[in-house]
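Notes to accompany the following structure.
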Amino acid sequence: MCGIVGYIGENSSKEILLNGLAELEYRGYDSAGIAVLADDSIFHSKAVGKLANLRDKTKDFEVNGFSIGIGHTRWATHGNPTELNAHPHLGEFSYVVHNGIIENYKEIKDSLMSEGVKFLSQTDTEVIVHLFEKNYKEIKDEFEAFKKTLKSLKGAYAILLITKSQNNKIFFAKNGSPMIIGTNSNELFFASSDAPLLGLANEVVYLEDGEYGYALCDEINLFKDEEKVDIQKNPLVGDKISAQKGGFRFFMEKEIYEQSEVLSDCILGRAMDERVDFEELDENFFDDITHIKICACGTSYHSALATSYLFERVAKISTNVEIASEFRYKEPLLTKETLFIVISQSGETADTLEALKMAKKAGLKTLSICNVDNSSIVREADFSILARAGIEKGVASTKAFATQVMVLWMLALYIAEHKKVISKENLASELKAIKHIPKLCVVKDSLHQKIRRLSKRYLHGHGFFFIGRDIFFPLALEGALKLKEISYLHAEGYPAGEMKHGPIALADANLFTVALMPKSLHYEKTKSNVEELSARDATILAISPEEFDLADDFIKTTSCEHPMEEFFEMMVITQILALEISIRLGNDVDMPRNLAKSVTVE
Ligand code: F6R
């Protein structure tokens with residue numbers, strides 16, 4: 001997601017900001033910009049696309065001596081990736097960069113517009129700078145105006161603001177989005193992660209949610225709830241690659257841990273208290289739609305398959321899911337009342353892209369759910385919803401899968417509401433469950449350690465079966481795919497009830513069964529299927545909130561009421577299991593053999 005940098009000092013702020021943004025490229029972005037305030041003049045520049053475009057646009061700008069500056073890489077959420085929507089956003093005399101989502105921006109914007117304030121962009125961020133200037137005109141004190149602005153904002157943010165009336169200070173705030181301050185003897189830096197600070201700062205201050213303040217080149221004034229906070233400085237150590245990996249051994253591991261945060265980003269401004277809102281879709285989007293067809297490959301196919309149960313069960317709309325490479329050549333019968341959805345992390349998968357083109361040619365309404373804005377699939381589809389997982393580096397997809405499932409679940413509710421097939425009470429309880437998911441996806445150290453210890457027992461054998469029922473069957477498929485991709489061990493996902501129709505013939509002590517046994521959905525039925533395997537001496541790793549005597553190994557999950565809560569918790573466990581087995585086998589977790597992150601060939 002977006003990246004933020006800031007600088008106060010005597011060195012070239014332009015270079016420091018641009019280099020800092022380059023270190024944050026891994027977070028993903030579609031436009032970038034900087035603003036530099038030296039004496040009383042502000043220079044600012046923004047560009048769509050790669051940082052090279054911004055470098056080119058700013059090549060003639062030089063700053064000598066003291067200056068302050070802010071910079072931003074934007075991953076579009078509200079409004080397209082255009083120069084006007086890129087940050088910094090400007091008012092009459094101030095500039096702001098922001099990471100996160102201001103949930104109540106529409107109310108603030110309407111109220112400011114009714115007072116005659118003109119907006120240049122479609123973003124939620126722009127309200128911050130106008131609100132600040134309005135408050136400043138009333139209060140005549142920059143910091144008080146900034147504090148008053150923060151009090152009006154709901155949502156997640158990391159904010160840097162500079163204003164001509166205070167040309168030596170940066171105002172900052174953090175709530176739910178990352179922000180770090182770096183210092184050395186005579187300079188001060190801001191960044192979204194350690195990476196831009198390495199080699200520049202000696203010490204860092206990790207800001208906590210709810211903290212805000214202002215900084216000068218040699219002074220940080222930090223507050224929380226109106227009280228001054230003592231500054232805790234930590235030495236900055238590490239190299240650039242490990243900084244990008246945030247101290248994790250592999251990007252995949254980091255991405256598993258990031259799931260809680262990106263799921264929060266994914267639902268922000270979408271899962272409201274009483275309804276689901278997708279600003280990407282217009283009011284009449286589902287008029288005349290009687291059927292949904294979803295097309296995707298690999299992990300994205302699994303997210304579609306899992307949520308197809310929800311489209312039928314919750315939204316009462318007939319739904320089928322197809323593997324894109326199969327769909328292309330089956331001479332499918334397509335009807336105009338079908339909404340054609342494609343799912344893709346990269347947005348470049350050749351089979352999915354071609355399937356999308358076929359559907360468009362047949363006159364179907366098309367929607368893509370994608371993690372990369374401006375990708376070929378996003379450009380081709382009539383409508384697109386971004387997954388907001390941030391850039392995913394590990395070839396084996398984890399956080400992209402989590403956000404795809406989340407978007408599709410919210411979409412099922414959106415349709416259910418639109419078709420008036422869900423009661424207010426049920427919708428409210430679904431939304432409550434959605435908001436609980438980020439918490440459930442926080443990886444507990446005890447859980448990770450347990451799986452690490454357990455993994456040494458699963459390095460041999462003649463294969464794995466991941467089994468589950470209902471939505472846990474696609475999760476079993478995904479668990480098996482993760483394991484085979486990075487461990488090179490044979491693994492299959494299977495519907496638990498289908499084992500007796502053939503695969504049970506393989507059961508013996510060297511057949512490892514990973515049994516997904518949720519309490520909230522078909523527990524007794526799944527249990528019977530696992531008992532059948534246990535009776536044939538298969539080795540069972542049971543994942544369940546219920547103790548299960550016949551299991552050789554057992555991972556206890558939280559007892560949750562909603563099956564999707566159990567789904568996300570078990571998803572994390574299967575990902576960590578694959579990761580730890582792969583590490584024990586000495587494999588390259590992030591770049592498994594024979595695989596590519598973006599499959600642009602048929
Ligand atoms: C598995 C994985 C692949 C992709 C598949 C489709 O971990 O990443 O199975 O899911 O190649 O890719 P996208 O989602 O980019 O269309």
Side-chain angles (χ1 to χ4, degrees), residues 28 250-256 258-259 262 266 294-307 321-328 340-357 359 366-381 384-408 466 474-489 491-493 571-572 574-579 581-582 587-602:
F250 293 95
F251 280 109
M252 181 185 171
E253 185 177 29
K254 176 170 177 266
E255 287 155 7
I256 292 171
E258 275 171 359
Q259 289 180 121
V262 298
C266 178
I294 317 182
C295 222
C297 302
T299 288
S300 299
Y301 167 74
H302 296 155
S303 71
L305 203 58
T307 45
V321 183
E322 308 227 17
I323 291 177
S325 55
E326 287 298 309
F327 171 82
R328 287 178 66 181
F340 194 83
I341 305 180
V342 285
I343 323 277
S344 175
Q345 184 285 127
S346 62
E348 301 298 341
T349 302
D351 284 319
T352 311
L353 181 59
E354 287 310 314
L356 172 62
K357 286 181 183 163
T366 59
L367 167 69
S368 80
I369 294 170
C370 230
N371 197 35
V372 181
D373 200 5
N374 258 330
S375 56
S376 307
I377 286 178
V378 169
R379 289 199 309 270
E380 187 69 33
S384 287
I385 299 177
L386 291 180
R388 301 185 187 159
I391 202 161
E392 191 177 63
K393 284 207 160 183
V395 165
S397 182
T398 51
K399 61 177 182 167
F401 172 74
T403 52
Q404 287 167 351
V405 173
M406 182 55 91
V407 169
L408 286 159
F466 284 67
L475 184 60
L477 288 173
E478 175 58 10
L481 179 65
K482 278 303 78 92
L483 183 65
K484 66 185 142 202
E485 281 184 295
I486 59 174
S487 72
Y488 319 141
L489 297 171
E492 275 188 64
M571 171 198 78
V572 173
T574 54
Q575 292 166 342
I576 297 178
L577 181 68
L579 172 85
I581 291 177
S582 171
N587 298 341
D588 185 342
V589 171
D590 286 333
M591 270 183 272
R593 69 185 186 203
N594 308 337
L595 297 179
K597 188 71 190 155
S598 189
V599 186
T600 51
V601 291
E602 217 190 310

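This structure is a prediction, so every number in the text was calculated from the model and none was measured. In listed order, ligands and their atoms are each counted from 1.
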Interatomic spacing from CG in N587 to CZ in R593 - rounded to 0.5 Å: 7.5 Å

For ligand 1, the portion of E348 having any non-hydrogen atom under 4.0 Å away: neither

K482 to ligand 1, any heavy atom closer than 4.0 Å: yes

Nearest-option assignment for atom 13 (P) of ligand 1, heavy atoms, candidates I343, T349, V342: T349

Atoms of ligand 1 close to S344 [distance to a heavy atom under 4.0 angstrom, numbered from 1]: 13 (P), 14 (O), 15 (O), 16 (O)

Ligand 1 contacted by V395 (non-hydrogen, < 4.0 Å): yes

T352 side chain vs E348 backbone, donor-acceptor pair below 3.5 Å: no

Electrostatic pair D590-K393, nearest N-O below 4.0 angstrom: no

Closest candidate by heavy atom, reference atom 9 (O) of ligand 1, pool I377, N371, T299: T299

Contacting atoms of ligand 1, where contact means under 4.0 angstrom from a heavy atom of A396: 7 (O)

4.5 Å side-chain heavy-atom contact, L579 and M252: yes

Numbered atoms and elements of ligand 1 in range of Q345, under 4.0 angstrom, heavy atoms: 13 (P), 14 (O), 15 (O), 16 (O)

Atoms in ligand 1 with a heavy atom of E485 nearer than 4.0 Å: 1 (C), 2 (C), 7 (O)

Proximal atoms of ligand 1 relative to S397 (non-hydrogen, under 4.0 Å): 7 (O), 8 (O)

Any side-chain donor near an acceptor of the partner, Q259 and T398, under 3.5 Å: no

Presence of salt bridge, E258 and K399, under 4.0 angstrom: yes

All salt bridge (Lys or Arg N to Asp or Glu O under 4.0 Å) counterparts of E255, not counting sequence neighbours: none

